[in-house]
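The analysis underlying the following values was restricted to heavy atoms, covering all of them including side chains, and did not include hydrogens, waters or symmetry mates.
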Amino acid sequence: MCPIPEKVKKSIVFGSGGARGLAHLGVWKILNEMGLKGIDFIAGTSMGAIIGAMYAQDLDVNDIIKKVSALNKSEWLKFFQPHLPVGGFIKGDKALRYLHNFIRKKNIQDLKIPFGCAAYNFEKCEIEFFTQGNLFMALRASFSIPIIFEPANIADHFFLDGGLGAPLPMKYAEERGAAKILVINVVQKPQYRRVHDELSHKLAYKLKKKDNNKPKLFEVAMRNISIVEWEVVRKDIEISKPKYLLDIDTSEYNMLDFAKAKEIIMLGENYALRNRDMLEEFINE
């Protein structure tokens, strides 16, 4: 059991962003090389929740990067097999099973570092922050991107992606009195560009509907949640004014660009190296 300490000294916040959140792995790698120790609490949302849980289990980031980078486009697509939709076009079960290759702890409180993740309660219309209970169900709730993934069911409540209300869950570290918080943001102002999205094209093919001039379903879903995330992130940063903010420009990538994992991870590494002085201050202050 890993209780949250009464006084949190150092905390890391991993923000949401779908595939763009793979940049967190690159930042984590550089932080390890710089000798970061003594993190008391980790908060994450969506992909940031997944990376945060891995960090909280004290896994080997280089091993994770090697395995994730080795996945080709067809292997990534296996995690997003469409089915007849009820609440979303993808069940998310395959992605969840893949996480079992990395995360061995069943419950959040069993992780080595205290951890929490955000998800949006569909019925209550509010964010819930999970700091105990089944880890995999909490992660499944946190990454349930609307329309794309079916909502997660926890204790007869349905949950959507935490990015809808807490894409950058700083306040949960602040509420625990964290003296120093490193905030890693990968959400940027949405830019219009047509996305060649293989998932949408695969779905259109199955439904025997093709119209190359119209935005595809997943493109619409991604753009909608990107707009929501950006507005919330911008507001939260203005309010919290985090001293240690690593703001990674991921505007060249979309939420489902998992096949570009190597590029996105490297982007995270480069931004961490560019901001080495700030990170050293966070580590050593």
Side-chain angles (χ1 to χ4, degrees), residues 12-37 39 42-81 90-108 110-113 115 117 134-145 148-149 152 161 163 184 186 197-199 202 246 248 250 252-273:
I12 300 179
V13 172
F14 293 100
S16 66
R20 298 166 299 180
L22 293 171
H24 293 310
L25 289 172
V27 178
W28 176 6
K29 177 184 175 184
I30 299 303
L31 288 172
N32 266 18
E33 292 173 358
M34 294 174 68
L36 175 62
K37 303 285 183 186
I39 295 300
I42 294 169
T45 297
S46 199
M47 179 57 75
I50 293 171
I51 305 299
M54 291 177 178
Y55 192 111
Q57 193 179 310
D58 195 25
L59 297 179
D60 183 344
V61 66
N62 292 304
D63 181 57
I64 296 169
I65 289 173
K66 182 178 178 181
K67 289 176 179 176
V68 170
S69 299
L71 294 173
N72 59 37
K73 189 179 292 186
S74 62
E75 287 172 319
W76 278 112
L77 284 170
K78 287 178 183 177
F79 300 137
F80 298 90
Q81 289 297 321
I90 297 166
K91 286 185 176 180
D93 296 348
K94 290 186 179 179
L96 205 59
R97 282 199 295 272
Y98 182 68
L99 289 180
H100 283 269
N101 294 320
F102 301 99
I103 300 171
R104 302 296 183 183
K105 302 298 182 182
K106 181 179 179 181
N107 295 310
I108 295 174
D110 295 331
L111 294 169
K112 290 186 177 181
I113 300 172
F115 168 78
C117 65
N134 187 291
L135 173 60
F136 290 95
M137 286 310 300
L139 295 178
R140 175 67 180 83
S142 193
F143 72 66
S144 295
I145 302 172
I148 295 178
F149 287 106
D161 194 293
I184 307 170
V186 298
D197 165 22
E198 293 197 36
L199 296 178
K202 180 183 285 191
L246 189 59
I248 303 174
T250 59
E252 289 299 308
Y253 303 96
N254 67 61
M255 293 176 70
L256 296 179
D257 265 339
F258 289 98
K260 297 178 181 177
K262 284 184 184 178
E263 293 177 33
I264 298 171
I265 293 168
M266 184 59 69
L267 179 68
E269 287 187 42
N270 290 337
Y271 263 81
L273 290 171

Fill in: Test item: H24 side-chain N/O and A49 main-chain N/O as donor-acceptor pair under 3.5 Å
no
Practice prompt. Kindly write out the residues that satisfy side-chain contact (heavy atoms from CB on, under 4.5 Å) with K106, not counting sequence neighbours, or none if the list is empty.
Written response: N134
Practice prompt. Taking the side chain as every heavy atom from C-beta outward, state whether N62 and N32 have any atom pair closer than 4.5 Å.
Written response: no
Worksheet item: Who passes salt bridge (charged side-chain N to carboxylate O under 4.0 Å, His left out) against K67, sequence neighbours left out?
Response: D63
Discussion item. Side chains of V61 and L25, heavy atoms from C-beta outward: is any pair under 4.5 Å?
Written reply: yes
For a quick test of your reading: what N or O donor-acceptor pairs under 3.5 Å do the side chains of residues 265-273 make, sequence neighbours left out?
residue, atom, partner, partner atom, Å
N270, ND2, M266, O, 3.4

Worksheet, complete the sentence: For A23 and I248 the tightest heavy-atom approach is CB-CD1, 4.1 Å
Discussion item. Within this structure, what is the CG-CG distance for the pair L246 and L31, rounded to the nearest 0.5 Å?
Written reply: 8.5 Å
Practice prompt. Could you tell me which non-hydrogen atom of I50 sits nearest to which non-hydrogen atom of L139, and how far apart they are?
Written response: N-CD2, 4.0 Å
Fill in: Side chains of I12 and L36 in contact at under 4.5 Å (non-hydrogen atoms)
yes
Discussion item. Among residues at least two apart in sequence or on other chains, which ones pass side-chain contact (heavy atoms from CB on, under 4.5 Å) with A138?
Written reply: I108, C117, F130
Practice prompt. Measure the spacing between OG of S69 and CD of E263 and express it to the nearest 0.5 Å.
Written response: 11.0 Å
Discussion item. To check you understand the geometry: which heavy-atom pair defines the closest contact between L135 and A53, and what is its length?
Written reply: CD1-CB, 4.2 Å
Practice prompt. Can you sort out the partners of A43 under side-chain contact (heavy atoms from CB on, under 4.5 Å), two or more places apart, ordered by chain and number?
Written response: V13, F41, F129, P169
Worksheet item: Do W28 and I64 touch side chain to side chain, with heavy atoms closer than 4.5 Å?
Response: yes
Discussion item. According to side-chain contact (heavy atoms from CB on, under 4.5 Å), who are the partners of S16, at least two apart in sequence or on a separate chain?
Written reply: T45, S46, P167, V187, E229
Practice prompt. Write down the atom of N254, the atom of L256, and the distance for their closest heavy-atom approach.
Written response: OD1-N, 2.7 Å
Item to complete: Please tell me if the side chains of L111 and I42 come closer than 4.5 Å, counting only heavy atoms from C-beta onward.
Response: no
Worksheet item: Is there a side-chain contact between Y253 and L22 (heavy atoms, below 4.5 Å)?
Response: no
Worksheet item: Looking at M255 and R20, what are the two nearest heavy atoms and their distance?
Response: CG-NH2, 3.2 Å
